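See structure below.
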Amino acid sequence: MNIQKHIEELLESHGLKKTSARIEMLKIFMDYDYALSAKEVISHMKITHDRVTIYRTLSSFEEHGILHKASEDSHGIRYALCSHECPEETHTDEHVHIICDKCSQTYCLDDVKIPKIQVLEKFLVQKISYTINGICHACLSS
Ligand SMILES: [Zn+2]
Ligand SMILES: [Zn+2]
Ligand SMILES: [Zn+2]
């Protein structure tokens, strides 16, 4: 399917208006195989939008189950596309993420599910994340 059409359908299915900023941002996410911070998204955008719009759009995509938080570091939150339809508000794509020690990019391992962890009954689990550090394929082959 044509990318433009795919993005428009994605926005439509989540009840989001097809604004040029939203379409351009999702195109950028589809162009990269690693998670992107707001700063990176802004630097890849051809049209200049104000930073507030970008930050607001990223969190709205997260609320709608289009993007999920892949990692968080001094560069801020890095978002990645959800591999399948996540329901609104809760993400069901609990997979392992790998952070490259060389380029510090975060990659989704969509097919690697987080192993089941026994949690003490005294705690209420809010979110589970599982991160591996390593060297990514791009850095290995350069
Ligand atoms: Zn998700
Ligand atoms: Zn790397
Ligand atoms: Zn991910």
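Start at 1 and go down the list; that is how both ligands and their atoms are numbered. As the structure is a prediction and not an experimental result, all values here were calculated from the model.
The existence of a salt bridge linking R78 and E72 is excluded, since no basic side-chain nitrogen approaches an acidic carboxylate oxygen closer than 4.0 Å.
In summary, the side chains of E88 and H14 do present a donor paired with an acceptor at a separation below 3.5 Å, with no hydrogens or angles considered. A donor-acceptor contact closer than 3.5 angstrom links the side chains of E40 and Q105. When only modelled atom types and interatomic distance are considered, H95 and Y130 share no side-chain donor-acceptor pair under 3.5 Å.
Within H91, the N, O or S atom at minimum distance from the Zn ion (ligand 1) carries the name ND1.
A donor-acceptor pair is defined here as one N or O able to donate and one able to accept, closer than 3.5 Å; such a pair exists between the side chain of R22 and the backbone of K17.
The Zn ion (ligand 2) has no N, O or S atom of H137 inside 2.8 Å of it.
When the shell of 6.0 Å around CG of D111 is examined, it contains 12 or fewer heavy atoms from other residues, nucleotides or ligands.
The number of protein N/O/S atoms found under 2.8 Å from the Zn ion (ligand 3) is 4.
Of all heavy-atom pairs spanning V96 and K113, the tightest one is CG2-O, 4.1 Å.
With the Zn ion (ligand 2) as the vertex, atom SG of C103 and atom SG of C100 span an angle of 100° (nearest 10 degrees).
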